[in-house]
Number of protein chains: 2
Amino acid sequence: MAKRVTLAEVAARAGVSPITVSRALRRPDTVQAETRARIDAAVAELGYVPDPAARALATGRADVIGVLIPSVTNAVFTDVLSGIYDGLADSRFDVQYAITRYDPGTEEKLIGVFLRQRPAGLIISGIDQTDAARRLLDRASCPVVQVMETGPDPVDMMVGFSHHDAAAAATRHLIDRGYRRPGFLGARMDPRTQRRFAGFRAEAEAGGVFDLDRVETTEVPSSVGGGAELLRALLGRHPETDAVFCNNDDLALGALFEAMRMGIPVPGQLGICGFNDLEMMRAAEPSLTSVRTNRFEMGARAVEMIRARLDGRDPGPAILDLKAEILARRSTDGPTGNRPVET
Amino acid sequence: MAKRVTLAEVAARAGVSPITVSRALRRPDTVQAETRARIDAAVAELGYVPDPAARALATGRADVIGVLIPSVTNAVFTDVLSGIYDGLADSRFDVQYAITRYDPGTEEKLIGVFLRQRPAGLIISGIDQTDAARRLLDRASCPVVQVMETGPDPVDMMVGFSHHDAAAAATRHLIDRGYRRPGFLGARMDPRTQRRFAGFRAEAEAGGVFDLDRVETTEVPSSVGGGAELLRALLGRHPETDAVFCNNDDLALGALFEAMRMGIPVPGQLGICGFNDLEMMRAAEPSLTSVRTNRFEMGARAVEMIRARLDGRDPGPAILDLKAEILARRSTDGPTGNRPVET
DNA sequence: GGCTAGAATGACAGCGCTATCATTAGATGA
DNA sequence: TCATCTAATGATAGCGCTGTCATTCTAGCC
């Protein structure tokens, strides 16, 4: 094991007291240049690295940004994580994350665990915390950012977008392109997914094209294979379906493959729209329409808001709406005979 | 902020000394049942949660498993992470991870940072550490597991497979299926990728079908779009190419889409084989051959080895080879006229 | 009854760092 | 020249917990 070098040893070597070394490290402008140079030299020679546990104990807070996400294997959340990492790259903060497995109870427990560490900030996915979790967060002494989604009642700050409105816009797009019998494919109907469904439903009803029986969902997590199965099931019941709004891109890709297997032309006989705009959507054949949900930026902005707050700068509006955007591609060019998409 | 409850307060409430509470929490069998009950009640009433920083400082070690991975946005590593999480779910250990961005220098630095915390164990991706990193790891006082890959010279323990052999097996599969002019598509040629290429090359040469000019690589990270571009470039130069071994599944999927765009029948005119067997491969149309690399299990086993070691149990062999397996699917059924794949 | 062994509990110190207040040295002005 | 102020540094205590003894108590034995 690398032998532990303590502050005291550095201090002895530099010929100053430990507290001066501590100061030199944390607020270099408060020690004389010459002293600081001696200390820096001693630090370098001994390979000193501060003990984060001792620091946390002495200061009563940890230089940690806690992050709570439902899953590590879902690209949506890892993109956010990546943005968080990027935003923290040049800072003294560490990221510490935990996985809720989409379970509010687990989330509640983990919030408690995190807050006892007195983190510098907390980033949490979504707006569907339990009442108890909400109370914990309300009393948190650090900045809290809810990401992925916006809502009316932030704990503290929020970065996201409206899943309802994004899904509604995607549905409107399908209608605008001439599809009249759209269906909905959904997996793991968590609260965000439910709100997307609500957006789909509202817009489809407004357009007079909603049919509850053209909704095909499953409780299992999304997957490409699952998208294929859902489409097959839906078309089995409703062969007249002329478009599907998919809960997410994996389902959309699966739907595309299944349509190929079934010999159904996309977009001529079936329009397909996904959600999240993973990279593959642009590259597919035909290219797949999706909804861009600036996930990386969500993470980066969440971190920026926390840092601004900690530094006493203005973190900007408490609710930051990163607006999802429809990326219209060939998979929704419209039923055979309709005009193609511009661009 | 949830008010901090200390051991001392719990002790006062239970009418015992702090140290007894500490013992009751950590080794319940060393305090009398009745005392323990009083303490448990006090803990519950006050909502006490131990301060990990104080514990780390007092014991000189942290109940943390450090994990170093190159990227969070690559599904390959998040699958491993997921396995790690699962293996640690019922334990007292936390996971703390850091991202090396595929940079050995960053990795070296992060190893140092982690080891100062005296973690309970360390899991690190790959076998390509710098000399300095290697020296740090050799002196580490905790179990170290290298994952993703096996090699001749473990720091401590290893769980993985031979990328060279897996790629060679995949290449053999292509040859067995009747492909005679195979190409190689690769992105971000990191050491593991290089070894996969070496395996491809060795086997293709052994089969007398290697042509260095049918190798198409790029430095940018893998993507589906990148796979499409690589295939287009390769076929531009070598239209006679009858199969591609792709560095990973994203490239393979992109190659499939590009083949569709170019009107090239898969597998009849072009065989496609990926690497990693992400979920979509099975669901694609045609289904895509890939190499299963038990990533989740790698994480789970790495954790199990560490836990066994910490508990004084037998962690099993120092080098655990999880054998990659070819999953033959329709995309490599063979050139037109050849027999189809069984099952 | 006196003694010992073992179980249960407690006192004390200290992990490495920093908050707080105290001290010193040098600069300023009448 | 001396009081006064500021900048730089130091002494002290303590963050919440646990390792290491020491102490108390009970049971068992001759």
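Proteins get letters first, then strands, A, B, ... in listed order; numbering begins at 1 in each.
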Return the polar atom pairs (N/O with N/O) between nucleotides 20-27 of chain D and the protein under 3.5 Å, or none.
none

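Residue Leu57(B) contributes atom CG, which lies 12 Å from atom P of dT18(C) at whole-angstrom precision. Straight-line distance from the CD1 atom of Ile39(B) to the P atom of dA8(C): 13 Å, rounded to whole Å. dT9(D) atom C1' lies 13 Å from atom CD of Glu34(A), rounded to whole Å. In this entry the distance linking CZ of Arg36(B) with C1' of dT9(C) reads 14 Å, nearest Å. Following rounding to the nearest Å, Arg116(A) (CZ) and dC17(D) (P) show an atom-to-atom distance of 11 Å. When the C1' atom of dT9(D) is taken as reference, atom CZ of Arg27(A) falls 14 Å away, rounded to whole Å. We find that CG of Leu7(B) is positioned 20 Å from P of dG14(C), with the value rounded to whole Å. Note: CZ (Arg92(A)) to P (dT18(C)) measures 12 Å, nearest angstrom.
Residue contacts shown for Pro50(B) are limited to sugar-phosphate atoms, with no base heavy atom under 4.0 Å away.
Relative to the side chain of Arg61(B), the nucleotides dT18(C), dG19(D), dG16(D) differ in distance, and dG19(D) lies closest. The side chain of Thr59(B) has dG19(D) as its nearest neighbour among dG19(D), dC17(D), dG10(D).
With hydrogens and angles disregarded, no donor-acceptor distance shorter than 3.5 Å links the side chain of Thr100(A) to the backbone of Leu68(A). For the pair Arg38(B) (side chain) and Ala14(B) (backbone), a donor-acceptor distance under 3.5 Å is present. At least one donor-acceptor pair under 3.5 Å links the side chain of Gln146(B) to the backbone N or O of Val155(B).
At dT9(D), none of the side-chain N or O atoms of Thr20(A) fall inside 4.0 Å of OP1 or OP2 (strictly under the cut-off). At the phosphate of dT18(D), OP1 or OP2 sits under 4.0 Å from a side-chain N or O atom of Ser22(B). Taking only side-chain nitrogens and oxygens, Thr35(A) never comes nearer than 4.0 Å to OP1 or OP2 of dA8(D). Contact annotation: Gln32(B) side-chain N/O to dT9(C) OP1/OP2 distance is under 4.0 Å. For the OP1/OP2 pair of dG16(C) and a distance below 4.0 Å, the side-chain nitrogens and oxygens of Thr6(A) include no atom meeting the criterion.
Nearer to the 5' terminus of DNA chain C, by closest-nucleotide assignment, is the contact made by Val31(B) (compared with the other of Ala8(A) and Val31(B)). Nearest-nucleotide mapping onto DNA chain D: of Arg26(B) and Ala53(B), the residue sitting toward the 5' end is Ala53(B). Residues Ala58(B) and Thr30(A) each lie close to DNA chain D; by heavy-atom proximity, the contact nearer the 5' end of the strand is made by Thr30(A).
Side-chain contact, Thr106(B) with Asp103(B): a donor N or O sits under 3.5 Å from an acceptor N or O. Side chains of Asn74(A) and Tyr102(A): a donor on one and an acceptor on the other come within 3.5 Å.
In the helix from dG1(C)-dC30(D) to dA30(C)-dT1(D), the terminal helix axes, each the rotation mapping four pairs' C1' atoms onto the next four within five end pairs, subtend 50°, rounded to 10°.
Once rounded to the nearest 0.5 Å, the distance linking CG of Asn294(B) with CG of Leu322(B) reads 5.0 Å.
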Which pairs would a plain distance check flag for residues 52-61 of chain B, meaning a side-chain donor or acceptor within less than 3.5 Å of a matching protein atom at least two apart in sequence or in another chain?
from, atom 1, to, atom 2, distance (Å)
Thr59(B), OG1, Arg55(B), O, 2.8
Thr59(B), OG1, Arg61(B), N, 3.3
Thr59(B), OG1, Arg61(B), O, 2.9

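No option in Arg118(A), Arg26(A), Arg92(A) other than Arg92(A) meets the salt bridge (Lys or Arg N to Asp or Glu O under 4.0 Å) test with Asp63(A).
By the 4.0 Å N-to-carboxylate-O rule, Glu108(A) lies too far from Arg135(A) to be salt-bridged with it.
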Verdict with reasoning, Asp314(B) to Arg309(B), per salt bridge (charged side-chain N to carboxylate O under 4.0 Å, His left out): CA-CA 7 Å; Asp314(B) 174 19; Arg309(B) 191 71 147 268; over 6 Å; no

